[in-house]
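Below is one structure, written out as structure tokens; comments come after it.
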Protein chains: 2
Amino acid sequence: MTTESIPAVICTVDVVLLTLEQSTLKVALVRREREPFAQALALPGGYIHAQDDVDAQASAARVLRDKAGLESPYLEQLATFTGAVRDPRGWSVAVAYCALVPATVLAQAAGRVELVAVDELPPLPFDHRQIIDAAVLRVRSKSQYSSLPVHLCAEPFTLPQLQAVYETVLGEPVNKVSFRRKVDELAMLEPVPGALQTGGAHRPAQLYRVRPAYRRQLSLSARGL
Amino acid sequence: MTTESIPAVICTVDVVLLTLEQSTLKVALVRREREPFAQALALPGGYIHAQDDVDAQASAARVLRDKAGLESPYLEQLATFTGAVRDPRGWSVAVAYCALVPATVLAQAAGRVELVAVDELPPLPFDHRQIIDAAVLRVRSKSQYSSLPVHLCAEPFTLPQLQAVYETVLGEPVNKVSFRRKVDELAMLEPVPGALQTGGAHRPAQLYRVRPAYRRQLSLSARGL
DNA sequence: GTAATAGTGTCTTTCAGACACTATCCT
DNA sequence: AGGATAGTGTCTGAAAGACACTATTAC
């Protein structure tokens, strides 16, 4: 009943790579090499390679590898941004993914990406501003009830460190007792037989790591999809 | 650096249209007219029409109109299913949407769609089973903290009716007092000056409708994206 | 009156936050 | 000893569920 010639739609992936640096949530941006918007700062992204990628998640992982030189254990589909006007090249579909890594991991990408505080974004090409805003909203939302922020902490870490990460992401103080109760009942962390002492003039804190059994299911967090 | 000839990717939308019939959550399926899987029961879906649709949400609304002959006030992007093997025609991107309508509205589509209980799905083509499962999971999850199930109730409705809808969707009994407290503090409903009497041999229940001010923001529910 | 469901008042239990206290390091 | 942060015990207040009671209809 309809035509068999389907006008081509541009299929891409974009990755919102987030990290915590200086107690600030930052997104990794790259300089675009090609038109449109060549030289502009934008989300790392690229075409889906039907011949190479098994699915769009693989495309996102490849983009992350090529543009930032890193792997992200946490890589989750965020949403898909579509339409006739978001890309000057034509009607496009951009499947957006969200990645979270500790700052230490992002150090590997030094020089290849630029870290920008998500609350101080410059004007960005396409609808990348919206995509980032959606990612930040999602991360903040999920952090209220899940263990998602542990992906922003390099292991091993102390509970006060993890609490500080939660407080930065949520943008508000977290009750210490409640926080520890939650961590305890989730039974997701295990103490490492060794204490942190560095800072010095005070009692050292216990170091923790994620229980191996929980490492897998961390991506698919508690509620919903 | 890479090739400029991008192998075509098949771009489609699929709609998971859910309703409540006989106290059961059901999904609307249609018989496929064309290959692949012609004659098979599947989700209503179709190609994105770059020349007609402003974005994929518009494609989904068009599919709903063409295949089921109805408009759904609630139409939300669910997730995107991609890959080389999910469609025998080749590498594909399917942006999935979730729609919720009262059974009375779906009556308009009688004969065009077949309602199937989501807990008794037959084998389905593509990855439509996964898509439906994701939609049901999402609806159940959101129903725990949002007013999403009101989209399954034809207005005006009574509170006992709405509570029954919640109980069916969640699959567990809901505390009456708590339920009414929540409804009250959300201040989302307003009583209609007229009571229901039908059933008869008992006290009639107050009829309610959604407050006009809340009608808009019902789609974008409380938490997250 | 009786049966049946709508709607409400109130007690109990559960959970999150506040606060204060102890513990352990460094200087 | 004193300062600083880690870690814990306990009280309090808010919110959710359990239960029972009243309200209003048809017969």
Side-chain angles (χ1 to χ4, degrees), chain A residues 23 140-147 149-150 153-209 222-223, chain B residues 23 140-147 149-150 153-209 222-223:
Chain A
S23 295
R140 294 218 162 109
S141 172
K142 280 204 170 187
S143 297
Q144 288 174 348
Y145 55 85
S146 82
S147 54
V150 301
C153 262
E155 289 185 279
F157 48 80
T158 69
L159 292 186
Q161 282 170 356
L162 184 59
Q163 182 177 346
V165 168
Y166 269 86
E167 291 177 337
T168 299
V169 172
L170 295 175
E172 60 186 11
V174 169
N175 182 280
K176 185 168 60 165
V177 179
S178 301
F179 177 73
R180 283 162 180 264
R181 265 196 297 243
K182 266 279 182 282
V183 168
D184 187 59
E185 71 195 23
L186 286 179
M188 182 188 53
L189 303 181
E190 64 183 6
V192 183
L196 181 109
Q197 58 220 355
T198 60
H202 56 274
R203 175 174 176 177
Q206 176 65 53
L207 286 164
Y208 289 84
R209 62 179 163 226
R223 297 199 195 185
Chain B
S23 296
R140 294 217 161 109
S141 172
K142 280 204 171 188
S143 297
Q144 288 174 348
Y145 55 83
S146 81
S147 54
V150 301
C153 262
E155 288 185 278
F157 48 80
T158 69
L159 292 187
Q161 282 169 356
L162 183 60
Q163 182 176 348
V165 169
Y166 269 85
E167 291 177 339
T168 299
V169 172
L170 295 175
E172 61 185 12
V174 168
N175 183 281
K176 184 168 61 167
V177 179
S178 301
F179 177 74
R180 283 163 181 265
R181 265 196 295 244
K182 265 277 182 283
V183 167
D184 187 59
E185 71 195 24
L186 286 179
M188 181 186 54
L189 303 181
E190 63 184 7
V192 182
L196 181 110
Q197 57 221 354
T198 61
H202 55 272
R203 174 176 177 177
Q206 176 64 55
L207 286 163
Y208 289 84
R209 64 179 162 226
R223 297 198 194 186

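The chains referred to below are lettered A, B, ... by the order of the sequence lines, with proteins before strands, and numbering in each begins at 1.
Among all heavy-atom pairs drawn from A:Thr168 and A:Ser23, the shortest one is CG2-O, 3.3 Å. Counting all heavy atoms, side chain and backbone alike, A:Asn175 lies closest to A:Val177 at OD1-N, 3.0 Å. Shortest non-hydrogen contact noted between A:Glu167 and A:Val174 is OE2-N, 2.9 Å. Contact detail for A:Ser146 and A:Tyr166: the closest heavy-atom pair is O-OH, 2.8 Å.
In this structure, the salt bridge (Lys or Arg N to Asp or Glu O under 4.0 Å) partners of A:Glu185, at least two apart in sequence or on a different chain, are A:Lys182. For A:Glu190, the salt bridge (Lys or Arg N to Asp or Glu O under 4.0 Å) partners are A:Arg209, A:Arg211, not counting sequence neighbours. A:Lys176 meets the side-chain hydrogen bond (donor to acceptor under 3.5 Å, both in side chains) test with no other residue; sequence neighbours excluded.
Distance, A:Arg180 CZ to C:dT22 C1': 14 Å, rounded to whole Å. For the pair A:Gln163 CD and C:dG17 P, the interatomic distance rounds to 11 Å; values are reported in whole Å. Computed from coordinates, the A:Gln206 CD to C:dT24 C1' distance equals 13 Å when rounded to whole Å. Distance B:Leu207 CG to D:dT25 C1': 15 Å, rounded to the nearest Å. Counting to the nearest Å, the C1' atom of D:dG7 and the CG atom of A:Asp184 are 12 Å from each other. Distance, A:Gln161 CD to D:dT5 P: 14 Å, rounded to whole Å. Between the NE2 atom of A:His202 and the C1' atom of C:dA23 there is a distance of 13 Å, given to the nearest Å.
A heavy atom closer than 4.0 Å to some atom of DNA chain D occurs in no member of residues 153-160 of chain B. At a non-hydrogen distance threshold of 4.0 Å, B:Asn175 from residues 167-176 of chain B come into contact with DNA chain D.
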Check: protein-nucleotides 9-11 of chain C nitrogen or oxygen pairs below 3.5 Å:
none

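Across D:dT5, C:dG17, C:dA4, the shortest atom-to-atom separation from the side chain of A:Arg203 is found for D:dT5. Distance from the side chain of A:Lys182 is smallest for C:dA16 among the nucleotides D:dA6, C:dA6, C:dA16. Side chain of B:Ala205, nearest nucleotide from C:dA6, C:dA23, C:dA16: C:dA6.
Contact of the B:Pro149 side chain with the B:Gln163 side chain is not registered, since no non-hydrogen atoms from C-beta on lie closer than 4.5 Å. Considering only heavy atoms from C-beta on, A:Gln206 stays 4.5 Å or farther from A:Thr158 through its side chain. Using a 4.5 Å heavy-atom threshold, the side chains of A:Glu155 and A:Val150 count as separate.
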B:Phe157 vs B:Tyr208, test: ring pair (Phe, Tyr, Trp, His ring centres under 6.0 Å). Steps then yes/no.
CA-CA 5 Å; B:Phe157 48 80; B:Tyr208 289 84; 7.5 Å; no
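DNA chain C is contacted by both A:Glu185 and B:Tyr208; B:Tyr208 maps to the nucleotide lying nearer its 5′ end (nearest heavy atom per residue).
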